Chemist: 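Supplied in structure tokens, the structure appears directly below.
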Amino acid sequence: MGKATGFLELERIEEGYEPAQSRVKHYKEFVIGLAEDQANKQAARCMDCGIPFCNNGCPVNNIIPDFNDLVYKNQWKAALDTLHSTNNFPEFTGRICPAPCEAACTLNFNDDAVGIKSIEHAIIDRGWKEGWVGPQLPAHKTGKKVAVVGSGPAGLAAAQQLARAGHEVTVFEKNDRIGGLLRYGIPDFKMEKTHIDRRVAQMQAEGVTFRTSVLVASLPSDTKVTNWAKETVSPERLKKDFDAVLLAGGSEQPRDLPVPGRDLQGVHFAMEFLPQQNKVNAGDALPQQIRADGKHVIVIGGGDTGSDCVGTSNRHGAKSVTQFELLPMPPEHEDKPMVWPYWPTKLRTSSSHEEGCTREFAIATKEFLGDKGRLTGLKSVHVEWRDGKMQEVPGTEKILPADLVLLAMGFVSPVGSVIEAFGVDKDNRGNAKSATEGEKSYYTNVPKVFAAGDMRRGQSLVVWAIREGRQAARSVDAFLMGASQLPR
Ligand SMILES: Cc1cc2nc3c(=O)[nH]c(=O)nc-3n(C[C@H](O)[C@H](O)[C@H](O)COP(=O)(O)OP(=O)(O)OC[C@H]3O[C@@H](n4cnc5c(N)ncnc54)[C@H](O)[C@@H]3O)c2cc1C
Ligand code: SF4
């Protein structure tokens with residue numbers, strides 16, 4: 001364990017942030033990770049409480065008490081090995097995971113949780129700095145070929161596990177760069193893209209082949225389907241050329257807001273806006289970029305994607321940024337004895353909110369207003385919730401100026417076409433249907449076709465995608481070889 005009395009003597013240390021007024025001038029990461037001695041002290045607070053709820057609260061089941069203890073004892077390399085034994089990409093989760101482990105930490109019951117995420121961040125950053133992270137080549141090759149469709153965290157985790165089990169893995173990605181939403185969606189100021197590039201290089205050295213700008217779909221091969229895909233490959237081809245196919249295409253169908261004025265110029269989905277800034281940051285020229293400079297911006301949707309739109313709009317130099325949430329404002333603090341060790345509903349103020357934003361709760365949009373086809377404003381109304389039903393509050397309609405509206409209300413399902421093209425059954429939410437328990441976990445109804453990540457579970461988190469990718473890899477490996485040594 002950490003220091004026996006550490007949790008009594010030492011306080012939680014938060015990671016530092018570059019001040020808001022300077023960080024909004026750039027798109028680089030601004031979180032200042034813990035120094036070695038700070039991480040060491042933070043790890044000393046771990047109580048080794050006997051039943052590590054944190055380990056269960058973490059979707060990849062990171063062995064948190066063990067790496068805390070190793071950091072406390074300054075055995076960083078061993079801590080890194082422990083972390084990598086359950087998580088292929090701790091530099092992603094150490095930056096952008098909401099840390100359900102900390103909600104579940106026993107110390108969180110009546111004190112501040114151990115800063116588990118900040119320790120994870122410190123371990124992996126030290127690992128890269130010291131040169132401890134390198135390719136892990138398989139002891140032997142199996143001669144089996146696996147296709148992975150989609151290069152988000154689910155596809156990447158699966159591909160790495162399968163390559164390490166000795167299979168020949170090819171990742172097909174319709175975008176021009178690898179990474180899924182890590183690359184195009186999550187802003188660079190939350191996670192710089194060099195972290196993905198390093199892992200891609202590691203995986204290439206481990207034998208993974210990446211094919212970008214290739215859309216897997218049943219379309220004529222010369223169809224230009226997205227801005228970036230240059231080629232298509234049919235499901236039939238993949239099933240013929242590979243011994244197994246894993247679908248990890250994410251959940252990309254955004255929820256729309258079909259109110260009057262939706263077709264006005266200036267109303268966009270968040271996922272039209274955010275990836276463009278990622279591309280510009282990567283050095284691409286985008287003359288038609290959707291920009292927020294000097295505009296009144298209204299972000300509809302109170303979640304993480306909305307918060308990312310707030311941060312990006314402020315970096316563009318928006319005149320004002322307002323974020324709408326349909327639900328009432330949650331309490332500032334959770335009732336810990338009621339909710340621990342589960343993820344609590346409480347007001348979450350992100351670093352993007354701190355950079356400047358008016359947040360409105362229990363508010364709905366009735367209409368987008370415009371002039372000559374261009375958005376000029378928005379008509380809203382306050383709502384209240386009774387017995388789970390939403391009702392407008394009479395007399396609360398108001399008109400707000402708006403030059404740019406960003407719709408960030410979540411994703412309803414994967415884009416159906418790829419699932420349909422493979423003949424894969426869908427669940428009642430439109431996701432690829434497949435169980436996660438039992439002998440046939442991650443199997444779909446189509447022989448040798450598997451599904452994982454947001455494409456299977458619906459819109460979720462990076463850490464869940466990594467878990468599903470790892471578990472699906474084990475299922476695929478067992479299907480190909482009769483048994484698997486890969487961890488679940
Ligand atoms: C703006 C935004 C911010 C987020 N922030 C966070 C956060 O801070 N923390 C967190 O934990 N989670 C966050 N999430 C959620 C998280 O990014 C996702 O849950 C996670 O990326 C899902 O991983 P995945 O591998 O299943 O799918 P994705 O990351 O969506 O990757 C799927 C990939 O498959 C490709 N693809 C799809 N269909 C095809 C096809 N037919 N042929 C070829 N390629 C195809 C897509 O182009 C995409 O690259 C955020 C999501 C969004 C939208
Ligand atoms: S991956 Fe997320 S839940 Fe798991 S230990 Fe890291 S921060 Fe906590």
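Order of appearance sets the numbers: ligands from 1, and atoms from 1 within every ligand. Computed from a prediction, not measured in an experiment: that's the story for all the values here.
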Chemist: Hey, which protein N/O/S atoms does atom 8 (Fe) of ligand 2 have under 2.8 Å?
Modeler: C101 SG

Chemist: Which residue and non-hydrogen atom of the protein lie closest to atom 38 (N) of ligand 1, and at what distance in Å?
Modeler: K174 CE, 3.8 Å

Chemist: Would you kindly specify which portion of V415 sits under 4.0 Å from ligand 1, judged on non-hydrogen atoms: side chain, backbone, both or neither?
Modeler: neither

Chemist: If you count the atoms of ligand 1 from 1 in the order shown, which ones are under 4.0 Å from a heavy atom of G250?
Modeler: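 Counting atoms of ligand 1 from 1, those under 4.0 Å from G250 are 27 (O), 30 (O), 32 (C).
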
Chemist: List the closest protein heavy-atom neighbour of atom 29 (O) of ligand 1: residue, atom name, distance to the nearest 0.1 Å.
Modeler: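 Among all protein heavy atoms, the one nearest atom 29 (O) of ligand 1 is L181 N, 3.0 Å.
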
Chemist: If you have a sec, work out which protein heavy atom is nearest atom 2 (C) of ligand 1 and how many Å separate them, to one decimal?
Modeler: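 Nearest neighbour among protein heavy atoms for atom 2 (C) of ligand 1, to 0.1 Å: T305 OG1, 3.6 Å.
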
Chemist: Where is the nearest protein heavy atom to atom 11 (O) of ligand 1: which residue, which atom, and how far?
Modeler: V462 N, 2.9 Å

Chemist: Just which atoms of ligand 1 are under 4.0 Å from any heavy atom in A465?
Modeler: 22 (C), 23 (O)

Chemist: With heavy-atom distances below 4.0 Å as the criterion, list the atoms of ligand 1 near V418.
Modeler: 41 (N)

Chemist: In this structure, does ligand 1 have an atom that sits under 4.0 Å from one of the heavy atoms of A217?
Modeler: no

Chemist: Would V462 and I96 count as a side-chain contact (heavy atoms from CB on, under 4.5 Å) here? Give the steps.
Modeler: CA-CA 8 Å; V462 168; I96 56 172; 3.8 Å; yes

Chemist: Is the distance between the ring centroids of H121 and F92 under 6.0 Å?
Modeler: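 No; H121 has its ring centre 6.0 Å or more from that of F92.
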
Chemist: Any N or O of A452 that comes nearer than 3.5 Å to an N or O of ligand 1?
Modeler: no

Chemist: Going by distance alone, is a donor N or O of one side chain under 3.5 Å from an acceptor N or O of the other, for E354 and T349?
Modeler: no

Chemist: Counting from 1, what ligand 1 atoms have a heavy atom of F411 closer than 4.0 Å?
Modeler: 53 (C)

Chemist: Check for me whether the distance between the ring centres of F450 and F479 falls short of 6.0 Å.
Modeler: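 Ring centres of F479 and F450 closer than 6.0 Å.
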
Chemist: Who's the nearest protein heavy-atom neighbour of atom 9 (N) of ligand 1, and how far?
Modeler: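 The closest one turns out to be I96 O, 2.8 Å.
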
Chemist: Taking the non-hydrogen atoms of Y184, is any one of them nearer than 4.0 angstrom to ligand 1?
Modeler: no

Chemist: Identify, by atom number and element, the atoms of ligand 1 in contact range of G453, meaning under 4.0 Å from any of its heavy atoms.
Modeler: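 So the atoms of ligand 1 that pass are 26 (O).
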
Chemist: Is it true that R211 and E173 have a side-chain N and a carboxylate O under 4.0 angstrom from each other?
Modeler: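 E173 and R211: not salt-bridged.
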
Chemist: Check P414, P235, S413 against I419 for a side-chain contact (heavy atoms from CB on, under 4.5 Å) and give me the one that passes.
Modeler: P414

Chemist: With rounding to the nearest 0.5 angstrom, report the CH2 to NZ distance, W132 to K77.
Modeler: 7.5 Å

Chemist: Test of understanding: with salt bridge (Lys or Arg N to Asp or Glu O under 4.0 Å), list the residues that count as partners of E36, not counting sequence neighbours.
Modeler: R126

Chemist: For atom 23 (O) of ligand 1, which of G150, P414, P153, S417 has the closest heavy atom?
Modeler: P153

Chemist: Look at atom 18 (C) of ligand 1 and say which protein heavy atom is nearest, naming residue and atom and giving the distance to 0.1 Å.
Modeler: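 So the nearest neighbour among protein heavy atoms is D454 OD2, 3.3 Å.
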
Chemist: Establish, for the pair R315 and F273, whether the NZ or CZ atom is under 6.0 angstrom from the six-membered ring centre and no further than 45 degrees off its axis.
Modeler: no

Chemist: Does one side chain, of S475 or S441, offer a donor that lies under 3.5 Å from an acceptor on the other?
Modeler: yes

Chemist: Regarding K28 and E192, does a basic nitrogen lie under 4.0 Å from an acidic carboxylate oxygen?
Modeler: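 Salt bridge: no.
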
Chemist: Quick check against the 3.5 Å criterion: does K426 have a side-chain atom that pairs as donor or acceptor with the backbone of V424?
Modeler: no

Chemist: Taking 4.0 angstrom as the limit and counting only heavy atoms of I186, give me the atoms of ligand 1 inside it, by number and element.
Modeler: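 Listed by number with element: 3 (C), 4 (C), 5 (N), 6 (C), 17 (O).
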
Chemist: Check step by step if side-chain contact (heavy atoms from CB on, under 4.5 Å) holds for W76 and I123.
Modeler: CA-CA 7 Å; W76 288 80; I123 296 171; 4.2 Å; yes

Chemist: May I ask you to list the atoms of ligand 1 that are less than 4.0 angstrom from any heavy atom of K190?
Modeler: 5 (N), 7 (C), 8 (O)

Chemist: Hey, does the Lys NZ or Arg CZ of R470 hover above the aromatic six-ring of W464, less than 6.0 Å from the centre and inside 45° of the axis?
Modeler: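 Ring-cation test returns no.
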
Chemist: Flag the pair K73 and D69 as a salt bridge only when some basic side-chain nitrogen lies within less than 4.0 angstrom of an acidic carboxylate oxygen.
Modeler: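 D69 and K73: salt-bridged.
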
Chemist: Does V214 reach ligand 1, in the sense of a heavy atom lying below 4.0 Å from it?
Modeler: yes

Chemist: Of all the non-hydrogen atoms in the protein, which one sits nearest to atom 49 (O) of ligand 1, and at what distance?
Modeler: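 Looking only at protein heavy atoms, the one closest to atom 49 (O) of ligand 1 is E173 OE1, 2.6 Å.
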
Chemist: Could you check whether the rings of W340 and F109 sit parallel, tilted or perpendicular, using 30° and 60° as the cut-offs?
Modeler: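 Ring orientation, 0 to 90° scale: perpendicular.
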
Chemist: Should the pair R177 and Y184 be classed as cation-pi, given the thresholds of under 6.0 Å to the six-membered ring centre and 45° from the axis?
Modeler: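 Relative to the ring axis of Y184, which defines the angle, R177 lies outside at least one limit.
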
Chemist: Between A270 and ligand 1, which part of the residue brings a heavy atom under 4.0 Å of the ligand: side chain, backbone, both or neither?
Modeler: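 Contact part for A270 vs ligand 1: neither.
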
Chemist: Less than 4.0 Å is my threshold; does some heavy atom of E252 fall inside it relative to ligand 1?
Modeler: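 The answer is yes: ligand 1 sits under 4.0 Å from a heavy atom of E252.
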
Chemist: Check R199 with E91, please: is the shortest side-chain N to carboxylate O separation under 4.0 Å?
Modeler: yes

Chemist: Short N/O distance, under 3.5 Å, between Q459 and ligand 1?
Modeler: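 Between Q459 and ligand 1 (N or O atoms, distance only) the closest approach is not under 3.5 Å.
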
Chemist: What atoms in ligand 1 come closer than 4.0 Å to a heavy atom of D308?
Modeler: 1 (C), 2 (C), 3 (C)

Chemist: Nearest protein heavy atom to atom 37 (C) of ligand 1, by residue and atom, and its distance?
Modeler: G249 O, 3.1 Å

